[in-house]
Visitor: 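There's a structure below that I have some questions on.
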Amino acid sequence: MGISSVPFATIRTLLLGLDFEETVVPGSHLLFKHAPSGIVFLFRLYGPRENANIPDLIGVRKHLDARGLLGAEAFDARVRKQSA
């Protein structure tokens with residue numbers, strides 16, 4: 001499993017900006033839920049400055065695009081902008 005150059009904080013900010021609800025499972029995971037679309041993401045706990053794993057990044061991009069919340073190209077642009 002590879003590590004991307006995108007901080008997980010960027011993914012978190014993007015999801016919260018799309019009205020996902022964040023739930024922390026202490027010592028375990030982060031859960032992001034978007035009730036209107038039915039999308040649920042479950043991530044391991046990332047450190048404050050840790051970059052996202054590539055599978056997590058790809059999964060978020062794929063599901064946001066498939067459910068019409070954010071197109072793949074728009075996702076790429078936002079991630080690049082927020083990571084800069």
Visitor: Rounded to the nearest 0.5 Å, how far apart are CZ of F41 and CG of L64?
Guide: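 With rounding to 0.5 Å, CZ (F41) is 4.5 Å from CG (L64).
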Visitor: Report yes if some heavy atom in the side chain of I11 is under 4.5 Å from a heavy atom in the side chain of D56; otherwise report no.
Guide: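 No, side chains not in contact.
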Visitor: Measuring only between side-chain heavy atoms, which start at C-beta, is L14 closer than 4.5 Å to L18?
Guide: yes
Visitor: Are the side chain of T10 and the backbone N or O of V79 linked by a donor-acceptor pair below 3.5 Å?
Guide: no
Visitor: Look only at the side chain of Y46 and the backbone of N53, and say whether a donor-acceptor pair between them is shorter than 3.5 Å.
Guide: yes
Visitor: Please say yes or no: joined through hydrophobic side-chain contacts below 4.5 Å, possibly via intermediate residues, are L45 and V40 part of one cluster?
Guide: no
Visitor: Work out which heavy atom in H63 is nearest to a heavy atom in I39; give both atom names and the distance.
Guide: O-CD1, 3.7 Å
Visitor: With rounding to the nearest 0.5 Å, note down the distance linking CD in E73 to CZ in R61.
Guide: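 Reported to 0.5 Å precision, the distance equals 8.0 Å.
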Visitor: Supply the atom-to-atom distance D65 CG to L70 CG, rounded to the nearest 0.5 angstrom.
Guide: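 Here the interatomic distance stands at 8.0 Å.
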Visitor: So, do E22 and L16 sit near enough that their side-chain heavy atoms are less than 4.5 Å apart?
Guide: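 Sidechains of L16 and E22: in contact.
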Visitor: Same hydrophobic cluster for V24 and V60, using side-chain heavy-atom links shorter than 4.5 Å among ILVMFWY?
Guide: yes
Visitor: Kindly compute the distance separating CZ (F32) from CD (E21), expressed to the nearest 0.5 Å.
Guide: 11.5 Å
Visitor: What's the shortest heavy-atom distance between L57 and S4, and which atoms?
Guide: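 Heavy atoms only, the tightest pair is CD2-CB, 3.8 Å.
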Visitor: With a 4.5 Å cut-off on side-chain heavy atoms, are L69 and F75 touching?
Guide: no
